[in-house]
K.L.:
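Structure below; questions to follow.
Along the sequence shown, residues carry numbers from 1. What you are looking at is a predicted structure, and each value in this text was computed from that prediction instead of being measured.
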Amino acid sequence: MSARDRILGKLRQTQKPFSDVQPIRERRHMIPQRDLSPQEQMQLFREEAEAVGCFVYQLDQNAAFEQIMELIGTDRSVLSWEASEIPFEGLHGMLGSLGVKVAGHNNGDVRVGITGVNAALAATGSLILESGRGRYRNSSLLPDVHIALLRAEQILPDLETWQQIQKDAGYPAFTEASNTTVITGPSKTADIAHQLVKGAHGPREVHVMILD
């Protein structure tokens, strides 16, 4: 018997911890839920997202494109999810018509990244992004400026609601996505000497556009 087998054998023979703990019958939401209309829920998301440092806009597609171009400025390339994964029909073609190309998804020199979202959480102003085919994680992590496009119907009350939806669907965010990220505001840390640094592990700016 190998040393590995002996160690694993001893571990299997030990008493399992917490064997007398009863299963959870009722799960409570971390942030108490309120019965909100869709419009109130969207407003709550906006307030919470702005409170953690995001810029939030509610725009039609034409106004959204103008805002995107303003954020791109004089840059000639962006990172982006594939067009089919973004709720903005024709966006890549419109960018190309103005001389802005979509760079390779591993290009670390690009300043602006554009993504859709898989869900948004009203209670915390968070975005949930599931990486996978056509949904490159680098699009939201490498650039200094992250532009996230979503529809109002993608806004959920809170994380627990999203978790229940995942459970009912067989947890696709974990079984099908290569990576699932919950984004709450731009990247920032104060680990060193309590000095706030933005952009340490991701974008310095997060711009959220709710498309009409």
Side-chain angles (χ1 to χ4, degrees), residues 30-31 41-59 63-82 85-88 91 95 100 102-132 135-152 154-159 162 173 177-211:
M30 182 172 57
I31 298 175
Q41 188 165 275
M42 182 170 62
Q43 181 60 31
L44 176 61
F45 167 77
R46 180 167 191 160
E47 292 171 359
E48 294 298 326
E50 289 176 342
V52 295
C54 295
F55 299 92
V56 185
Y57 318 80
Q58 185 178 358
L59 304 164
F65 184 70
E66 292 179 4
Q67 185 62 51
I68 290 169
M69 289 307 301
E70 182 176 330
L71 292 170
I72 293 172
T74 59
D75 295 359
R76 296 296 88 189
S77 61
V78 296
L79 294 187
S80 178
W81 282 7
E82 290 185 5
E85 303 296 333
I86 298 175
F88 191 128
L91 175 61
L95 292 173
V100 178
V102 176
H105 62 86
N106 286 323
N107 191 327
D109 296 325
V110 178
R111 189 180 62 87
V112 177
I114 302 173
T115 73
V117 308
N118 295 92
L121 309 179
T124 54
S126 304
L127 305 173
I128 297 181
L129 276 63
E130 301 170 20
S131 300
R135 303 187 303 273
Y136 310 110
R137 72 184 72 180
N138 286 343
S139 299
S140 65
L141 292 176
L142 287 182
D144 274 348
V145 178
H146 174 202
I147 301 173
L149 306 174
L150 65 139
R151 298 287 184 185
Q154 292 180 283
I155 301 174
L156 303 175
D158 55 16
L159 183 64
W162 176 79
S178 61
N179 172 267
T180 297
T181 306
V182 180
I183 299 172
T184 307
S187 170
K188 50 188 175 292
T189 182
D191 288 347
I192 301 175
H194 301 289
Q195 297 295 313
L196 182 64
V197 177
K198 292 186 177 181
H201 312 294
R204 299 172 187 271
E205 297 179 13
V206 177
H207 296 261
V208 182
M209 299 188 186
I210 306 169
L211 302 177

K.L.:
Nearest 0.5 Å, please: how far is CD1 in I86 from CG in L150?
P.N.:
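Interatomic distance, L150 CG to I86 CD1, rounded to 0.5 Å: 12.0 Å.
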
K.L.:
As an exercise, state the distance from NE2 of H105 to CG of L79, rounded to the nearest 0.5 Å.
P.N.:
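With rounding to 0.5 Å, NE2 (H105) is 9.5 Å from CG (L79).
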
K.L.:
At what distance, to the nearest 0.5 angstrom, does CG of N138 lie from OG of S131?
P.N.:
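The CG atom of N138 sits 8.5 Å away from the OG atom of S131.
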
K.L.:
Testing the basics here: between Q41 and P157, what is the closest heavy-atom pair and its distance to 0.1 Å?
P.N.:
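Looking at all heavy atoms of both residues, the shortest contact is OE1-CG, 3.3 Å.
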
K.L.:
Which heavy atom of D109 sits nearest a heavy atom of N107, and at what distance?
P.N.:
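The pair with the smallest heavy-atom distance is N-OD1, 2.9 Å.
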
K.L.:
In a check of side-chain contact (heavy atoms from CB on, under 4.5 Å) between I128 and each of L156, I183, T180, which one passes?
P.N.:
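So the option named by the test is T180.
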
K.L.:
Measure the spacing between CZ of R46 and OH of Y57 and express it to the nearest 0.5 Å.
P.N.:
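Answer rounded to 0.5 Å: 9.5 Å.
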
K.L.:
Where do I114 and H146 land on the side chain to side chain contact (heavy atoms under 4.5 Å, CB included) test, with the steps shown first?
P.N.:
CA-CA 6 Å; I114 302 173; H146 174 202; over 6 Å; no

K.L.:
Grab the two heavy atoms, one from I210 and one from R151, that are nearest each other, plus how far apart they are.
P.N.:
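What the structure gives for the nearest pair is CG2-C, 4.5 Å.
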
K.L.:
Are I31 and T124 side-chain neighbours, meaning at least one heavy-atom pair lies under 4.5 Å?
P.N.:
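Counting from C-beta outward, I31 and T124 do come under 4.5 Å.
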
K.L.:
Run the side-chain hydrogen bond (donor to acceptor under 3.5 Å, both in side chains) test on N179 and T181 for me, step by step, so that the C-alpha distance in whole Å, both residues' side-chain angles and the decisive distance to 0.1 Å come before the verdict.
P.N.:
CA-CA 7 Å; N179 172 267; T181 306; 2.8 Å; yes

K.L.:
Would you indicate whether the side-chain heavy atoms of V145 and P203 approach each other to under 4.5 Å?
P.N.:
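Side chain of P203 against side chain of V145, heavy atoms only: no contact under 4.5 Å found.
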
K.L.:
Would you check, one step at a time, whether the test side chain to side chain contact (heavy atoms under 4.5 Å, CB included) holds for I68 with M209?
P.N.:
CA-CA 9 Å; I68 290 169; M209 299 188 186; 3.8 Å; yes

K.L.:
Using a 4.5 Å cut-off on heavy atoms from C-beta on, say whether the side chain of L59 contacts that of Q67.
P.N.:
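Yes; the side chains approach each other to less than 4.5 Å.
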
K.L.:
What is the distance from atom CZ of F45 to atom CD of E50, rounded to the nearest 0.5 Å?
P.N.:
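Spacing of CZ (F45) from CD (E50) equals 9.5 Å.
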
K.L.:
Please give me the minimum heavy-atom distance between G108 and L142, naming the atom from each residue.
P.N.:
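Distance-wise, the nearest heavy atoms are CA-CD1, 4.0 Å.
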
K.L.:
Should L129 and W81 be marked as a side chain to side chain contact (heavy atoms under 4.5 Å, CB included) after you check the CA-CA gap, both sets of side-chain angles, and the distance that decides it?
P.N.:
CA-CA 11 Å; L129 276 63; W81 282 7; 3.9 Å; yes

K.L.:
Any heavy-atom pair between the side chains of E47 and V56 that's under 4.5 Å?
P.N.:
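Heavy-atom side-chain distance check fails, nothing below 4.5 Å.
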
K.L.:
Quick check against the 3.5 Å criterion: does Q154 have a side-chain atom that pairs as donor or acceptor with the backbone of V117?
P.N.:
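Pair found, side chain donor or acceptor close to backbone of V117.
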
K.L.:
So, taking the atom named CD1 in I147 and the one named CZ in F88, what distance separates them when rounded to the nearest 0.5 Å?
P.N.:
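With rounding to 0.5 Å, CD1 (I147) is 10.5 Å from CZ (F88).
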
K.L.:
Grab the two heavy atoms, one from E205 and one from P186, that are nearest each other, plus how far apart they are.
P.N.:
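Heavy atoms only, the tightest pair is N-CB, 4.1 Å.
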
K.L.:
When you compare the side chain of D75 with that of V112, does any pair of heavy atoms fall below 4.5 Å?
P.N.:
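Yes, their side chains come closer than 4.5 Å.
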
K.L.:
Please determine, by modelled atom types, if R135 and S178 share a side-chain donor-acceptor pair under 3.5 angstrom.
P.N.:
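Short answer, no.
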
K.L.:
Side-chain donor-acceptor pair under 3.5 Å between T189 and H201, yes or no?
P.N.:
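Note: T189 and H201 side chains miss the donor-acceptor criterion.
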
K.L.:
Would you sort out whether R204 and D144 count as a salt bridge (charged side-chain N to carboxylate O under 4.0 Å, His left out), showing the intermediate values?
P.N.:
CA-CA 5 Å; R204 299 172 187 271; D144 274 348; 3.7 Å; yes

K.L.:
For D158 and L121, run side chain to side chain contact (heavy atoms under 4.5 Å, CB included): C-alpha distance rounded to whole Å, both residues' side-chain angles, the deciding distance at 0.1 Å, then the answer.
P.N.:
CA-CA 5 Å; D158 55 16; L121 309 179; 5.6 Å; no

K.L.:
What heavy-atom pair brings S126 and V182 nearest, and what distance separates the two atoms?
P.N.:
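Distance-wise, the nearest heavy atoms are CB-CG1, 3.9 Å.
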
